[in-house]
Every structure is written in structure tokens, then in C-alpha cells.
Amino acid sequence: HEFNKFEEIALAERTFLAIKPDGVQRGLVGEIIRRFEDKGFTLVGLKFLKVSRELAEQHYDVHRERPFFAGLVDFITSGPVVALVWEGEGVIASARKIIGATNPLSAEPGTIRGDFGVNIGRNLIHGSDAIETAQQEVSLWFKEEELVSWQPTITPWLHE
Ligand code: GDP
Ligand code: MG
């Protein structure tokens, strides 16, 4: 199957996701990964780690002045996290839809937060919100050599 330049660029969009400590503790790792695989996105990075305070503070730097910042850093460092990079056409915006609204009480059923969460401080998963933040977060959490460039054989059945 041949891809022209435009398609290659569209398919190469990447986003960063993290299954937060509540998602890991609740045994939702497989369920959450399943939803992105099912949608047709390609996994290009995955690691399981305890997040350092330094990494947590950098990741949530934009929220440094918010009242919930300290609690957020305490929470994200409280247990293991699954860090993921996914690739595919429109993956940044699509992943945010699959994840659902920040407050799980307002998140639609069918979304991860809508199906599994009730509290804004325990909303299970992080997803990058724009192209620039996706690039920053991918490079904050992963070294280039930790990312795997590959094309699933099913690609022509997912993209014209
Ligand atoms: P997201 O992009 O949907 O994850 O939401 P934000 O970027 O606005 O906030 C980052 C994270 O901070 C959220 O996922 C929540 O875990 C947490 N958060 C945001 N707003 C609040 C809040 O009002 N209270 C608490 N406790 N946590 C919040
Ligand atoms: Mg955010």
C-alpha cells in the first residue's frame, strides 16, 4: 500500500497519555489501552513507572499556581503510572474525546472518565490537549529511542 506525503504527515500525529495511579490501582490499564487500540490508533511508546516529584511538577507546570497543584502532584506520584504515546490521524483531539470531560461527573457515558470516574481529583487518565503540548509531553516523558516507529499491517483497512 502506498501513502502519499499528506497521508504520512496526518498518520504521524502523536499524543501523550498517562494512566494515573487510580487507573492502575483499579485494574483499568487493559480496558483503557483497549479503547485506543479498538479505535485504530497505533501504540508507539509505553512504560510503567513511579513518577518523580520533578517530573510531576514539570508535567503539570501550567497548573503551578492553581489551588489543586500540590494535591495533584502528591496524587500523580502516589503510585505507578502507565505512560503511553499513541500515533494516528487526529489522535490528539480524538483521544481527548475518548477520555471525556475533566470532571467525571460531567463526562459523557461512553468516555473513560464518564464510564469509570466520579471525582475530578481521580479522573483516571491524562491526555495532551494540543499539538504543542503533545510534543512537549512526549519529549518530557520519553527519550527518542524509547519510541517505536512502525506501521501495523492493518493500516490500509483503517485509512484510504
Ligand atoms: P485535563 O486536561 O482534562 O486533565 O484537565 P486540566 O488540564 O484542566 O487539569 C489537569 C488535572 O488537574 C485534571 O485532570 C485533574 O486531575 C486535576 N484538576 C483539574 N481541576 C481540578 C480541580 O478543580 N480540583 C482538583 N482536585 N483537581 C483538578
Ligand atoms: Mg490538561
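Both ligands and their constituent atoms are indexed starting at 1 by order of listing.
In terms of protein heavy-atom proximity, atom 24 (N) of ligand 1 is nearest to I120 CG2, 3.6 Å. Nearest to atom 4 (O) of ligand 1 among the protein's heavy atoms is R113 NH2, 3.0 Å. Looking only at heavy atoms of the protein, atom 2 (O) of ligand 1 is closest to R96 NH1, 2.8 Å. With hydrogens left out, the protein atom closest to atom 8 (O) of ligand 1 is H63 CE1, 3.8 Å, a heavy atom.
The two residues K20 and N123 make their nearest non-hydrogen contact at NZ-OD1, 2.7 Å.
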For a side chain to side chain donor-acceptor pair (under 3.5 Å) check, start with the C-alpha distance between E137 and S128, then their side-chain angles and the critical distance, and finish with the verdict. CA-CA 7 Å; E137 290 168 4; S128 306; 2.6 Å; yes

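The nearest non-hydrogen atom to atom 19 (C) of ligand 1, considering only F68, F75, F69, comes from F68.
Counting heavy-atom neighbours within 6.0 Å of I131 CD1, excluding the residue itself, gives a total of 12 or less. More than 12 heavy atoms of other shown residues, nucleotides or ligands fall within 6.0 angstrom of atom CD in E31. For E65, the CD atom sits in a loose shell: 12 or fewer heavy atoms of surrounding residues, nucleotides or ligands are nearer than 6.0 Å.
Remark: ligand 1 and H126 share no N or O pair separated by less than 3.5 Å (distance only, no angle test). Remark: ligand 1 and N123 share an N or O pair separated by less than 3.5 Å (distance only, no angle test).
Stacking of R122 on the aromatic ring of F75 is recorded, both the 6.0 Å distance cut-off and the 45° axial limit being met.
For ligand 1, the atoms sitting less than 4.0 Å from at least one non-hydrogen atom of T102 are 1 (P), 3 (O), 5 (O), 13 (C), numbered in the order shown with element in parentheses. Those atoms of ligand 1 that come under 4.0 Å of a heavy atom in L72, given as number and element, are 11 (C), 12 (O), 16 (O), 17 (C).
Ligand 1 has at least one atom lying under 4.0 Å from a heavy atom of K20. In this structure, R66 has no heavy atom closer than 4.0 Å to ligand 1.
The pair R34-D38 meets the salt-bridge criterion, with a side-chain N (NZ, NE, NH1 or NH2) lying under 4.0 Å from an Asp/Glu carboxylate O.
If you chain together hydrophobic residues whose side chains sit under 4.5 Å apart, V138 and L49 fall into the same group.
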